[in-house]
Trainee: 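Sharing a structure here in structure tokens format.
Values reported hereafter were calculated over all heavy atoms of this structure, with side chains retained and with hydrogens, waters and symmetry mates removed. Bear in mind the structure is a predicted one, so any value in this text is a computation, not a measurement.
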Amino acid sequence: MRRAENRSPQRAPKQRVTEFSLAWISSALSTVGTRTLGVVYPLLALALHHSPTEAGWTGFALTVPILVFYIPAGVLVDRLEPRSIMMATELLRGLVVASLAVAMLFGIVTLPWLIAAALLEGTLWVFYSLAETALLPSLVKPGRLHRALAQNETTVHFAALTGRPLGGYLVGCGHLVLFLVNAVLFFGSWGTLLGIKRPLARKAETPLFHQLSDGLRILLNQPFLRSAIALVTVTNLMVNATIMIFIAGSSGLSSATVGLVLAAGGVGGVIGSSVAVYRPPPRSMLIIHMWVWVAALLLAAVGSNLGERPVFFGMALFVTGFVGALSNVVIRTAEVRHIASEMLARVVSVSRLSAHGAVCLAAPLGGLLVDGYGVNGASSVLFVIMFGIAALSTLPVLFRREHVPALLMHTGD
């Protein structure tokens, strides 16, 4: 399969740096807007209708496109020009939130309107994120690829860390203000993309329907990526179920304490991805990732049973955020290096569907465990499950040398 290093058109080095910087700024603005709206839409539904159920449905409308549209979006992004997709999605997102600002001004926002806007926002984000994945590698030299992806990973974690508090703050400033701010973020993201030269459109070589299964087929033929997505899916499920367990046992804690604990993962992610910019992660990153999760869930279980949940859960989320960011850089670098550019988006769509699908299942899993075993027991059960998965995955690597490359692949520059 053609390697990704040959994907970039020949451009002057200075132009490459400038265009990547513009794409990075667009990503930063867009991601902050996305994280902010993830808080704003449910809170707005709750404020307008005083119904937790309606707030829940509004939040669900933001996430359901992940499960529905990732695969077809990956195929379409591979057939079309990614910068044009990014510009279209940002322009539409800006118009959607601007229309809500106008509706709020006249007091005519209804719940169906809000849910439809949330559904459209989630769908447009899916297309933007995949198009961004396809565009960024074409804007940097192969030797700078790892650093560029690490820098972009830092943006994602920083946006997660700042976007949610910003959303809560903007709700307090008034509904008109919060939608105007988000409109500025999306229109600003759209404007920065104007400075990127439009490459040639891609050619579709096979029928659209046949391409729907290409991502899964290609992913299964890549041993490292196959192992990586399985690991990320499991650990995403574990850590988000742990968050749900902490929330379930957070009665009596101040909102500031809960917020600090939940922010620990974002802090770890920012630091981890920042480290990856200057120091490539080690060869055995996936095995390290797996056993760090075992240690983190042990911390959570110990803290829960000792009655020191905030401190121990905060440490658990910090270390998983730190190591998870390093793993994400390794995986994204491997995707770009070993998947042909015209197939990258559909492969990434499969991996992200699996990873984000696990997040959707984490809340009900955590709730069921708390109902069945209590907060202390649920934390212990997650640790035992993760330890068992790590042990079963590591033993074959130790005793069967032919499996080593799948987990120990080197992706540094």
Side-chain angles (χ1 to χ4, degrees), residues 38-39 41-42 45-46 51-68 70 122 160 164 229-253 255 257-259 261-266 289-321 324 351-393:
V39 175
Y41 277 116
L46 186 62
S51 170
T53 300
E54 293 180 353
W57 279 114
T58 306
F60 177 73
L62 277 168
T63 57
V64 70
I66 292 173
L67 302 177
V68 176
Y70 249 131
R164 290 168 184 146
I229 191 55
L231 174 64
V232 170
T233 299
V234 170
T235 53
N236 272 2
L237 180 64
M238 294 291 108
V239 74
N240 284 280
T242 300
I243 291 173
M244 183 63 197
I245 291 170
F246 172 74
I247 292 173
S250 63
S251 59
L253 299 176
S255 57
T257 299
V258 174
V261 172
L262 297 180
H289 179 128
M290 188 160 42
W291 283 101
V292 165
W293 251 251
V294 173
L297 293 180
L298 177 60
L299 278 174
V302 170
S304 185
N305 284 277
L306 290 179
E308 298 290 341
R309 289 176 191 150
V311 174
F312 282 83
F313 273 81
M315 288 191 297
L317 294 180
F318 176 83
V319 296
T320 55
S351 64
R352 291 187 183 175
L353 175 61
S354 179
H356 288 293
V359 175
C360 295
L361 295 175
L365 173 63
L368 288 172
L369 288 175
V370 171
D371 285 340
Y373 301 99
V375 173
N376 296 350
S379 301
S380 300
V381 167
L382 281 186
F383 162 69
V384 171
I385 293 173
M386 191 66 231
F387 178 83
I389 292 172
L392 291 173
S393 301

Trainee: Do you know the tightest heavy-atom contact between Ala296 and Ala316?
Mentor: O-CB, 3.3 Å

Trainee: What residues, two or more places apart in sequence or in another chain, satisfy ring pair (Phe, Tyr, Trp, His ring centres under 6.0 Å) together with Phe387?
Mentor: Trp291

Trainee: Once you round to the nearest 0.5 Å, how far does OG of Ser379 lie from CG of Asn305?
Mentor: 7.0 Å

Trainee: Identify the two heavy atoms, one from Ser351 and one from Ile229, that lie closest to each other, and give their separation to 0.1 Å.
Mentor: O-CD1, 2.9 Å

Trainee: Check whether any side-chain heavy atom of Ile66 lies under 4.5 Å from a side-chain heavy atom of Arg352, and answer yes or no.
Mentor: no

Trainee: Would you list the pairs meeting ring-ring contact (aromatic ring centres under 6.0 Å, His included) in which at least one residue belongs to residues 294-317, sequence neighbours left out?
Mentor: Phe246-Phe313

Trainee: Could you pull out the closest heavy-atom pair between Ala300 and Thr242, with the gap in Å?
Mentor: CB-CG2, 4.1 Å

Trainee: If you look only at pairs with a residue in residues 353-363, which of them pass as a side-chain hydrogen bond (donor to acceptor under 3.5 Å, both in side chains), with sequence neighbours excluded?
Mentor: Thr233-Ser354

Trainee: If I take atom OG1 from residue Thr257 and atom CG from residue Leu262, how far apart are they, to the nearest 0.5 angstrom?
Mentor: 10.5 Å

Trainee: When you look at Glu308 and Val302, which way does the side chain to side chain contact (heavy atoms under 4.5 Å, CB included) test go after all the steps?
Mentor: CA-CA 8 Å; Glu308 298 290 341; Val302 170; over 6 Å; no

Trainee: Roughly how far apart are Tyr373 OH and Ile245 CD1, rounded to 0.5 Å?
Mentor: 11.5 Å

Trainee: Which distance, rounded to the nearest 0.5 Å, do you find between the CD1 of Ile389 and the CG of Leu237?
Mentor: 8.5 Å

Trainee: Can you check whether Val319 reaches Met315 side chain to side chain, under 4.5 Å on heavy atoms?
Mentor: no

Trainee: What are the two closest non-hydrogen atoms of Ala378 and Val370, and how far apart are they?
Mentor: CB-N, 3.9 Å

Trainee: Determine the minimum heavy-atom distance between Leu67 and Gly357, stating which atoms define it.
Mentor: CD2-CA, 3.8 Å

Trainee: What I'd like to find out is whether the side chain of Met244 reaches to under 4.5 Å of the side chain of Leu365, using heavy atoms alone.
Mentor: no

Trainee: Would you find a donor on one side and an acceptor on the other, under 3.5 Å apart, between the side chain of Thr320 and the backbone of Leu317?
Mentor: yes

Trainee: Is there side-chain contact between Val375 and Arg309, with at least one heavy-atom pair below 4.5 Å?
Mentor: yes

